[in-house]
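Structure first, commentary second.
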Number of protein chains: 2
Amino acid sequence: MEETGESGPDAALPFDVFSKQCVSRGTLEHITGRWGGLTLGALYEGSLRFNALRRRVDGVSEKMLSQTLHALERDGLVHREAQPTNPPRVDYELTALGRQVAERLLGLIGLVESRMSEVLVARERYDRAHETH
Amino acid sequence: MEETGESGPDAALPFDVFSKQCVSRGTLEHITGRWGGLTLGALYEGSLRFNALRRRVDGVSEKMLSQTLHALERDGLVHREAQPTNPPRVDYELTALGRQVAERLLGLIGLVESRMSEVLVARERYDRAHETH
DNA sequence: CGGTATCCCGGCCGATACTG
DNA sequence: CAGTATCGGCCGGGATACCG
């Protein structure tokens with residue numbers, strides 16, 4: 001996957017995130033945004049109801065969870081299943097595409113978690129090298 | 001400056017990003033933040049100088065790129081190589097850890113780009129279903 | 001339970017100017 | 001070239017109240 005793809009100066013790929021006004025960038029930001037990634041990760045374990053999801057994604061407000069879910073549903077990554085019962089019951093689950101995205105995301109999350117000790121060491125080194133002397 | 005909170009017998013919480021006060025979350029946000037991901041992706045192709053990087057990551061301001069690079073360097077994902085020449089020359093490159101993170105990130109970016117047509121279709125469906133009628 | 005509506009503050013981020 | 005300093009707008013996002 002080391003393909004550089006630079007086949008010319010004007011080889012502008014249609015969905016290249018690196019270019020400013022590309023649609024991919026918006027979707028990528030929904031996925032990797034503050035709550036998007038954690039929401040997708042939580043749903044990977046199975047479908048969840050609104051408040052269960054809210055409890056799982058620790059720290060998210062109602063507003064932001066709602067907003068995040070709408071964006072992900074609109075992008076076709078999450079499916080919303082509402083049952084017209086009383087009291088209402090709504091389940092959220094990943095679509096096929098959402099599942100694939102979540103897999104990559106969880107791989108990234110797992111990598112970061114497993115290497116946090118290295119990160120912490122790097123931070124100490126950096127801070128020591130940059131403290132006012 | 002950075003409180004790790006690792007002291008005390010009850011601070012045994014792992015590096016689980018889903019929990020609110022976890023250090024992993026901060027690093028994950030540096031990586032997946034608006035410019036962090038694109039910066040790591042750009043550097044995966046090879047080391048770049050500041051302004052070349054700025055050109056590659058289309059739309060980033062000097063200030064945000066500088067800030068992003070500092071955060072990534074502090075977390076040990078990017079290495080800054082400064083040569084004391086005149087005019088100055090500074091190269092940024094990924095560390096071993098940064099390279100591993102970037103690989104996962106590029107996998108995710110590639111997936112999103114390759115599936116954007118599906119996302120666009122989903123968006124149309126969603127918008128049609130939610131328009132006021 | 002599963003949300004929406006509203007208010008409002010902090011800080012993200014862009015623009016500009018300046019430095020070595 | 002490679003940044004830092006400063007200002008200011010705007011909007012992300014938390015708190016609260018309310019609705020079906």
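Order of the sequence lines sets the chain letters (A, B, ...), proteins ahead of strands, with each chain counted from 1.
- Counting heavy atoms from C-beta outward, B/V90 and B/Q83 have side chains that stay 4.5 Å or more apart.
- Using modelled atom types, no side-chain atom of A/E81 and backbone atom of A/E93 make a donor-acceptor pair closer than 3.5 Å.
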Nucleotide by nucleotide, nucleotides 13-20 of chain C touches protein heavy atoms under 4.0 Å in the pattern (B base, S sugar-phosphate only, - none) BBB-B--B

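- Only at 4.0 angstrom or more do the heavy atoms of residues 68-81 of chain A sit from any atom of DNA chain D, so none qualifies.
- One end of the helix from C/dC1-D/dG20 to C/dG20-D/dC1 points its axis 50° away from the other end's axis, with each axis taken from 5 pairs and the angle rounded to 10°.
- The shortest side-chain heavy-atom distance between B/L69 and B/L65 falls under the 4.5 Å cut-off.
- At least one side-chain heavy atom of B/T32 sits under 4.5 Å from a side-chain heavy atom of A/L108.
- No more than 12 heavy atoms of other residues, nucleotides or ligands shown are found within 6.0 angstrom of CZ on B/R125.
- To the nearest 0.5 Å, atoms CZ (B/R25) and CE (A/M116) are separated by 13.0 Å.
- By the 4.5 Å heavy-atom criterion applied to side chains, A/H79 and A/L94 are not counted as neighbours.
- For DNA chain D, the span of nucleotides reached by chain A at under 4.0 Å from its heavy atoms goes, 5' to 3', from D/dG13 to D/dG20.
- Between B/D127 and A/R74 there is a side-chain heavy-atom pair separated by less than 4.5 Å.
- The side chain of A/S66 places no N or O atom within less than 4.0 Å of a non-bridging phosphate oxygen (OP1 or OP2) of C/dG2.
- With sequence neighbours excluded, no residue forms a ring-ring contact (aromatic ring centres under 6.0 Å, His included) with A/F18.
- Residues from residues 38-53 of chain A lying near DNA chain C, meaning a heavy-atom separation below 4.0 Å, are A/R49, A/F50, A/N51 in numerical order.
- Contact annotation: the side chain of B/T39 approaches that of B/L43 to within less than 4.5 Å [non-hydrogen atoms, C-beta and beyond].
- Proximity of A/C22 to A/V17: side-chain heavy atoms (C-beta onward) are nowhere separated by under 4.5 Å.
- Side-chain contact between B/L120 and A/F15 is present, with at least one heavy-atom pair separated by less than 4.5 Å.
- At a threshold of 4.0 Å, the pair A/D91-A/R80 does not count as salt-bridged, since none of the basic side-chain nitrogens sits closer than that to a carboxylate oxygen.
- Rounding to the nearest 0.5 Å gives a distance of 8.5 Å between OG of A/S114 and CD of B/Q100.
- The structure places CZ of B/R54 at 6.5 Å from CZ of B/F50, a figure rounded to the nearest 0.5 Å.
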